[in-house]
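A quick write-up on the structure given underneath.
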Amino acid sequence: MAAEAEPGSIKDTVSRLVLWCRRAEQGFIRAVYHDGASRDLVIRQLKDRLTPHDVAFHRLDLPTAPNADALALRLADELSRLGAGVICLTGFERSLPPSGPDLEEALLALNSRRENFAFPGQHTIWWFPHHIALALIREHRDLNSWFLRRVELTETLLSPEEIEIQSQHHEAIRLSNAASYTEAEPILREILSTQEATYGSEDPQLIPALNNLGTLLISTNRLTEAENLLRRSLSLQTAKYGNNHVITAHGLSSLARLLHKTSRYVEAENLARQALVINEEKYGADHSAVGSSLSLLAGLLNEAGRGQEAEPLLRRALTIQEHAFGPHHNLVADIAGTLGTLLIDEKKYADAETLLRRALTINKESYGSDHPIVADKLNSLAGLFHLTGRREEAEETFRKALEIDINRLGPEHPDVANRLYNLGMLVFNNGLRFEAKSLLLQSLSIFAASSTNAGHFVTGIERVARNYRGLLILMGTPKAEVEKQMIELLKQKGLSRQKAKQLART
Amino acid sequence: MPMQRALSLEAIQRAFNPAPLETREEIEEFYVEDLNATRGDDKVGRLALGLSRATSQKPYKAFVMGHAGVGISTELSRLTLHSKIEGRFRTLRFSANRDLDPVNFKPFDVVLIIALRLAEETAKPVEEGGAGSTLPEKLTRDLLDYFSIEKKTVKTSLDYSLEANGEVGAGAPGFLAQFVKLSASLKTEAKRAAGRSKEITEYRLQNINQLTDLANAIIEDCCIRLKAATNLEWLVIGDDFDKPGIPGDRINDFFITYGNMLSDLRCHLILDLPIMLGHSSKSNLLPPIFEGPHNFPDTPVYTAAHKAHDAGRAALCHIIERRMDLALAEPEQLNRLIVASGGNLRELFGLIIEAATNAELRRGGAPQITSGDVEPAIQSLRKEYRDHLGENTFDVEKVKLDAKLAKLAAIYTGDPRAQFADPALYALLHARAVQEFNGTGWYGVHPLVVDLLSGIPELAGLDAAPREDNRLLGGTI
């Protein structure tokens with residue numbers, strides 16, 4: 001009497017999980033996997049097998065959190081939100097370090113709060129990569145045996161080399177999420193150069209490395225190289241998957257984000273709309289991928305001064321992502337933040353403040369208080385304080401955002417320039433013209449250097465140039481002299497004479 | 001849905017739910033007395049006796065301990081239903097995992113939780129187990145005042161903010177509602193202590209005597225009112241302090257540094273002590289007023305001489321019989337699972353479910369657990385024991401694998417020197433590679449680990465050990 005399938009095979013694992021979901025009233029199972037591709041296949045097949053039986057099925061990625069305690073608390077909150085059904089809990093490889101004291105601390109936090117993860121009618125499948133499962137067995141034996149049922153998926157779809165590359169990607173993503181870009185970058189460069197040497201530069205296997213490195217370079221303001229990588233990635237995606245594939249949509253969105261950063265709104269909008277159409281066709285109107293596409297497009301429209309078009313898109317995106325991820329997810333925070341800034345423009349300050357504070361709280365819970373994403377929300381909130389006459393609060397909040405960005409992104413980042421500009425305008429309104437002049441000059445210098453690196457004007461530079469020019473004139477410098485000084489400054493920062501003149505006469 | 005005895009393979013998963021038995025019905029249906037008997041000294045009887053001799057002026061206090069999965073929580077449920085207890089005590093149970101933030105809790109959280117929960121329970125109507133009366137106004141006001149002053153002194157905003165809006169000396173109508181609100185806030189804060197500000201923690205630790213006096217006054221008042229209304233006394237049981245996820249410094253703080261605070265609490269109190277603390281030299285520092293620690297040992301499946309422990313195996317088989325029709329497995333297969341579990345109930349339940357799953361997934365054949373279903377279940381658990389035995393960071397002092405193997409060999413051969421506690425013994429007890437049994441308090445090697453030792457014939461000390469088919473006695477069958 002042979003077993004139906006080899007132990008540890010995809011088929012065997014699916015059968016065991018289906019049986020467990022149908023037989024047990026509720027509970028937890030520890031599922032170990034060796035490659036993410038086979039895990040994902042098991043999850044898909046499990047969903048296909050259970051959905052006809054009206055079983056609610058969720059895939060929950062381990063939430064982002066600034067420390068182990070917050071991670072455990074957020075996980076409990078997320079699980080409580082989902083209600084009864086089967087939950088595949090994934091993402092340990094992207095959220096937890098591969099080894100060392102931080103992993104130990106995270107497992108300790110999960111172990112000690114494990115009773116908080118139990119909810120009536122929930123079947124939770126904890127998908128642990130093999131190396132974390134080993135740490136669990138070695139260091140937290142009682143947590144391991146808390147999982148009364150344990151399965152190990154040993155069948156792999158990837159080669160050992162591919163599995164290794166996959167785990168390096170996860171580590172790089174984890175580090176990037178924590179804004180540890182200098183640690184993440186060499187990992188991604190090493191993957192890319194190894195793969196290029198092995199497969200050549202036109203192989204689709206390069207896509208994840210090109211994407212991840214490109215995204216990291218956007219975060220660290222190396223936009224020209226980022227654009228090069230993302231365009232290469234998009235070209236490979238289109239060649240392999242065609243123009244209407246969701247993976248291609250992902251590539252289009254990444255490139256649109258970059259173009260947004262460099263003020264190329266028309267091309268960015270075009271790409272974002274293509275991505276939206278693909279995702280709507282493939283997933284339907286209410287899918288979270290559509291929510292992300294809507295959010296991207298609306299952000300672009302808002303930046304281009306088309307807030308009225310952006311608002312309904314953002315509200316639709318907010319509804320979709322709240323439904324998909326609950327009210328405390330970072331994707332929800334992103335949209336709430338963008339909508340908040342849009343409402344500031346519409347002078348709906350009370351609603352804007354509510355949304356921005358909500359976004360800030362979510363981001364702080366996810367990333368801690370000193371993350372650039374938190375700085376971004378503080379910046380928007382400070383802008384609102386400024387506009388509503390709460391200048392002390394505004395200054396304190398702008399300075400906090402500036403401090404975070406200088407510490408985490410370095411003093412030459414365009415986000416730092418943006419904070420300097422906002423602070424400059426605030427102190428100008430407080431009558432401190434000389435301090436304002438100094439802040440705007442610093443801001444313009446950083447923006448100019450970034451634009452030189454990017455080969456395009458980065459978003460925000462024209463506004464700074466315009467106001468710096470106006471301030472100097474207001475302070476009594478003749479218009480011709482102002483333009484001359486600005487052209488010299490901008491040329492020193494690497495801009496061509498023509499572009500420098502264009503900005504100085506904005 | 002209440003648990004039911006399994007009459008088919010499909011029902012086994014639900015019938016072997018490892019959750020502690022809580023109600024009289026569950027215990028009558030699924031608990032077997034001979035399990036207690038094979039563990040030797042009747043610990044529940046001993047605790048009940050101690051409680052029956054206690055007075056409200058001299059409350060009874062005791063520690064219990066045991067390895068994870070031996071069923072301490074169920075034994076504590078049995079205690080609350082014991083004939084000497086049920087007519088005299090009303091039990092309040094709280095859990096370190098559910099009611100506290102296990103990583104960040106402070107001793108004052110425990111005292112506050114006990115006081116607030118007792119106040120809440122005592123306020124319930126008599127028919128629901130309370131005294132039907134709320135805290136007197138003075139005590140409520142004292143509590144509100146304390147937190148009001150704290151709020152003003154610390155002047156900090158808490159993430160989980162205390163909403164003690166009452167002013168110092170509050171006596172206005174609605175202050176009971178304020179108390180309810182404060183109580184809810186404090187309970188939430190105890191569960192999520194990670195979000196508490198350092199200033200609040202420092203303030204409370206500086207004022208811990210005042211806080212303890214306040215909590216004690218509440219506890220004492222609750223005990224008096226319950227006694228007056230129902231002639232019952234409050235018995236407080238704190239569970240889950242033995243979960244290894246709780247950091248060592250929290251445990252030391254709670255049980256040792258602030259041990260006097262526990263001694264001073266004016267109620268009967270039984271606490272679940274982490275076994276690693278109970279076994280360590282620090283156990284001498286535990287507050288002496290507490291009886292014990294009473295150790296609930298494992299159920300033996302072998303004697304110290306590596307012969308089958310018939311009574312232990314029979315008790316475990318009776319437990320299985322309460323939960324499933326024995327005809328669902330070939331006769332010898334349940335015995336194999338019992339031996340492989342090393343007598344640990346949680347692992348036994350897991351093994352049975354795994355074997356039943358294998359049987360269900362098997363193509364054809366009788367709807368019964370067979371040898372082919374049992375073998376992979378045992379192999380899989382053996383592999384985890386192997387993975388766990390290596391060097392790990394949890395060991396208080398890093399213990400090398402060689403030292404562990406030498407200790408295992410010495411325990412296996414009954415070397416009396418092996419019974420003395422050292423880091424290797426602690427590490428092996430934590431790994432459940434070594435088990436602690438009743439009577440003379442002897443240690444034995446887990447059958448799955450005996451299997452692993454069989455595979456190292458050159459291991460010093462085991463070369464002369466008797467073998468059968470080249471395997472050491474006392475392993476899986």
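Just so you know, these numbers come straight off a predicted model, no measurement behind them. Sequence lines set the chain letters: A, B, ... in the order given, protein chains first and strands last, and positions in each chain run from 1.
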Discussion item. Take a 6.0 Å sphere around CD of A/E396 and say whether it holds more than 12 heavy atoms from other residues, nucleotides or ligands.
Written reply: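 Incorrect, the count does not exceed 12.
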Item to complete: Evaluate whether atom NE2 of A/H130 has more than 12 neighbouring non-hydrogen atoms of other residues, nucleotides or ligands under 6.0 angstrom away.
Response: yes
Worksheet item: Between B/N358 and A/R16, is a side chain to side chain contact (heavy atoms under 4.5 Å, CB included) present by the stated rule, with each step listed?
Response: CA-CA 8 Å; B/N358 292 339; A/R16 281 173 193 279; 2.6 Å; yes
By a 4.5 Å heavy-atom criterion (distance strictly below it), what part of [X] contacts chain B: side chain, backbone, both, or neither?
X: A/E152; result: side chain
X: A/N67; result: neither
X: A/L134; result: side chain

Worksheet item: Are any of the side-chain heavy atoms of B/E354 and A/R150 separated by less than 4.5 Å?
Response: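 No, their side chains stay 4.5 Å or more apart.
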Worksheet item: Hey, does B/Q13 have a side-chain heavy atom less than 4.5 Å from the side chain of A/R149?
Response: yes
Practice prompt. With rounding to the nearest 0.5 Å, note down the distance linking NZ in B/K383 to CD1 in A/I137.
Written response: 6.5 Å
Practice prompt. For A/S15 and B/L361, work out which heavy atoms get closest and say how close.
Written response: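 A/S15 and B/L361 have their closest heavy atoms at CB-CD2, 3.5 Å.
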Fill in: Part of B/L351 within contact of chain A (heavy atom distance under 4.5 Å)
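It is neither, since no heavy atom gets under 4.5 Å.
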Discussion item. Less than 4.5 Å to any heavy atom of chain A: does that hold for the side chain of B/F16, its backbone, both, or neither?
Written reply: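 Interface part for B/F16: backbone (N, CA, C, O).
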Item to complete: May I ask you to name which of B/D373, B/D387, B/I12 has the most heavy-atom pairs under 4.5 Å with chain A?
Response: B/D387
Practice prompt. Output the option from B/N344, B/D240, B/I353 having the highest count of non-hydrogen pairs under 4.5 Å with chain A.
Written response: B/I353
Practice prompt. Could you walk me through whether A/R30 and B/E384 pass the salt bridge (charged side-chain N to carboxylate O under 4.0 Å, His left out) test, one step at a time?
Written response: CA-CA 13 Å; A/R30 187 214 68 190; B/E384 288 195 358; 2.9 Å; yes
Discussion item. Test your reading of the model: is there a side-chain donor-acceptor pair from B/R14 to the backbone of A/R23, 3.5 Å cut-off?
Written reply: yes
